[in-house]
Amino acid sequence: MVPALVLTAGLATRLRPLSLVRAKAALPVAGVPLVHRILRSLAASGVTRAVLTLHHLPHTLTRIVGDGGGLGLRVRYSWEVPVLGPAGGPRRAAPLLAPTFLIINGDTLTDVDITALLAHHRRSGALATMAVVPNTQPDKYSGLSADREGALTGFAKRGSPDNVFHYLGVQVVESEAFASVPEHVPFETSALYTSLIASRPGAIRLFNSSAEFFDIGTPADYLVTTLLIGSREGHASAGPSR
């Protein structure tokens, strides 16, 4: 199985004041740190190596993750100063990974079938394959558009009629996709992928999934997700642990 890069460096400004004391991925979801849930899910899918990006309150992550041994995989860290964003972060961390690796958002939970995603990516020969579901809340989330063959055609704003697919925060990439990203400079995936599909149509593809998606982006989303998962797992109290 390929290694995974988990994006956990962000400032989580939308989640304030909760993110003023812990990195977002260190917050408990029904009593279990979000990053533990992500890493254990990766380990269950066969991932044995992961890299976490660090910037905001890094000690709140490193002290609960360590080397990853207690979570079933080996963990290393990629430090970012400044925060390098969803394309700049992978550009910096790529030497710690492999030519092909997963990128996982550190602020969402999903049960995407990693094995099927990776198989789809390898069949297509794409530079990146993004796991998506139909965007049922286009007024809340920006999204993606694609052609009939599943090739990404663009990024759509909230409320746009082209806002058809919702990205689940999981993708498989080739390290060469980030070769044009300048080192040590914040860079957005939308800018990089828009450039790539202009020069190489079909380079970025979508993997349609029926996976669930849980948002942790705002205090309201965090509360809803925590209560739902806590209820599923049978917790008497689904509130944050101390």
Side-chain angles (χ1 to χ4, degrees), residues 2-15 19 23-25 34-35 38-39 42 50-58 61 76-98 100-110 112 114 117 121 126-133 135 140-146 152 154-158 163 165-198 203-207 213-218 221:
V2 299
L5 175 66
V6 186
L7 303 179
T8 53
L11 300 177
T13 54
R14 293 190 305 135
L15 197 55
S19 57
K24 183 187 291 188
L34 173 59
V35 68
I38 292 171
L39 292 174
L42 288 171
V51 174
L52 270 58
T53 61
L54 295 178
H55 177 85
H56 177 61
L57 300 174
L61 285 167
R76 299 178 70 182
Y77 299 96
S78 177
W79 292 80
E80 298 183 10
V81 180
V83 179
L84 297 176
R91 170 68 174 85
R92 180 176 178 80
L96 299 175
L97 295 155
T100 305
F101 58 94
L102 294 160
I103 298 179
I104 311 293
N105 283 0
D107 60 357
T108 56
L109 288 170
T110 182
V112 171
I114 297 295
L117 170 63
H121 174 77
L127 287 178
T129 304
M130 309 172 75
V132 300
V133 291
N135 194 347
K140 178 177 180 179
Y141 297 112
S142 57
L144 309 170
S145 57
L152 178 72
F155 292 80
K157 296 180 179 179
R158 285 178 291 180
N163 188 354
F165 296 103
H166 176 70
Y167 173 52
L168 290 169
V170 178
Q171 59 180 315
V172 183
V173 302
E174 301 300 319
S175 59
E176 66 178 287
F178 301 90
S180 65
V181 176
E183 289 190 84
H184 316 303
V185 175
F187 216 87
E188 293 296 319
T189 302
S190 55
L192 174 63
Y193 285 5
T194 297
S195 174
L196 285 173
I197 62 178
I204 314 300
R205 305 194 69 84
L206 305 186
F207 171 73
F213 168 80
F214 300 100
D215 197 353
I216 320 287
T218 67
D221 291 328

- Which heavy-atom pair separates Asn135 from Tyr141 by the least distance, and what is that distance? ND2-O, 3.3 Å
- Message: Measuring from atom NZ of Lys24 to atom CG of Leu34, what distance do you get when rounded to the nearest 0.5 angstrom?
- Response: 9.0 Å
- With Phe165 via ring pair (Phe, Tyr, Trp, His ring centres under 6.0 Å) - residues at least two apart: none
- Write down the atom of Ile103, the atom of Phe178, and the distance for their closest heavy-atom approach. CD1-CZ, 3.7 Å
- State which residues pass side chain to side chain donor-acceptor pair (under 3.5 Å) with Tyr193; sequence neighbours excluded, sorted by chain then number. Gln171
- Item | Residues which pass ring pair (Phe, Tyr, Trp, His ring centres under 6.0 Å) with His55, listed by chain and number, not counting sequence neighbours | none
- For Pro182, what residues pass the side-chain contact (heavy atoms from CB on, under 4.5 Å) criterion, not counting sequence neighbours? Val185, Phe187
- Applying side chain to side chain donor-acceptor pair (under 3.5 Å) to Glu80 and not counting sequence neighbours gives none
- To the nearest 0.5 Å, how far apart are CE in Met130 and NE2 in His166? 10.5 Å
- Query: Which pair of non-hydrogen atoms, one from Ser145 and one from Leu152, has the smallest distance, and what is that distance?
  - Reply: O-CD1, 3.4 Å
- Quick one: list whatever passes side chain to side chain donor-acceptor pair (under 3.5 Å) with Ser195, sequence neighbours left out. none
- Query: Judged by atom type as modelled, is there a donor-acceptor pair below 3.5 Å linking the side chain of Thr53 to the main-chain atoms of Ala9?
  - Reply: yes
- Query: What are the two closest heavy atoms between Val6 and Leu39, and how far apart are they?
  - Reply: CG2-CD2, 4.2 Å
- Exercise: identify the closest heavy-atom pair between Phe155 and Thr189: CZ-O, 4.3 Å
- Who pairs with Arg158 by side-chain contact (heavy atoms from CB on, under 4.5 Å), at least two apart in sequence or on another chain? Ser142
- Item | Gap separating the CZ atom of Arg76 from the CG atom of Leu52, nearest 0.5 angstrom | 12.5 Å
- Item | salt bridge (charged side-chain N to carboxylate O under 4.0 Å, His left out) partners of Asp215, counting only residues at least two apart | none
- Query: Restricting to pairs with a member in residues 85-96, which pass salt bridge (Lys or Arg N to Asp or Glu O under 4.0 Å), not counting sequence neighbours?
  - Reply: Arg91-Glu183
- Task: List for me each residue that meets side chain to side chain donor-acceptor pair (under 3.5 Å) alongside Ser78, sequence neighbours excluded, and say none if there are none.
- Result: none
- Message: So, taking the atom named CG in Leu42 and the one named CG in Leu102, what distance separates them when rounded to the nearest 0.5 Å?
- Response: 7.0 Å
- Note on the structure: Looking only at heavy atoms, the pair that brings Thr8 and Gly106 closest together is CG2-CA, 4.1 Å
- Query: How many angstroms lie between atom CG of Leu117 and atom CZ of Phe207, to the nearest 0.5 angstrom?
  - Reply: 5.5 Å
- With sequence neighbours excluded, tell me which residues meet side-chain contact (heavy atoms from CB on, under 4.5 Å) with Ala177. Leu127, Leu196
- Query: Judged by atom type as modelled, is there a donor-acceptor pair below 3.5 Å linking the side chain of Asn163 to the main-chain atoms of Gly143?
  - Reply: yes
- Item | Pairs satisfying salt bridge (Lys or Arg N to Asp or Glu O under 4.0 Å), at least one member in residues 186-198, at least two apart | none
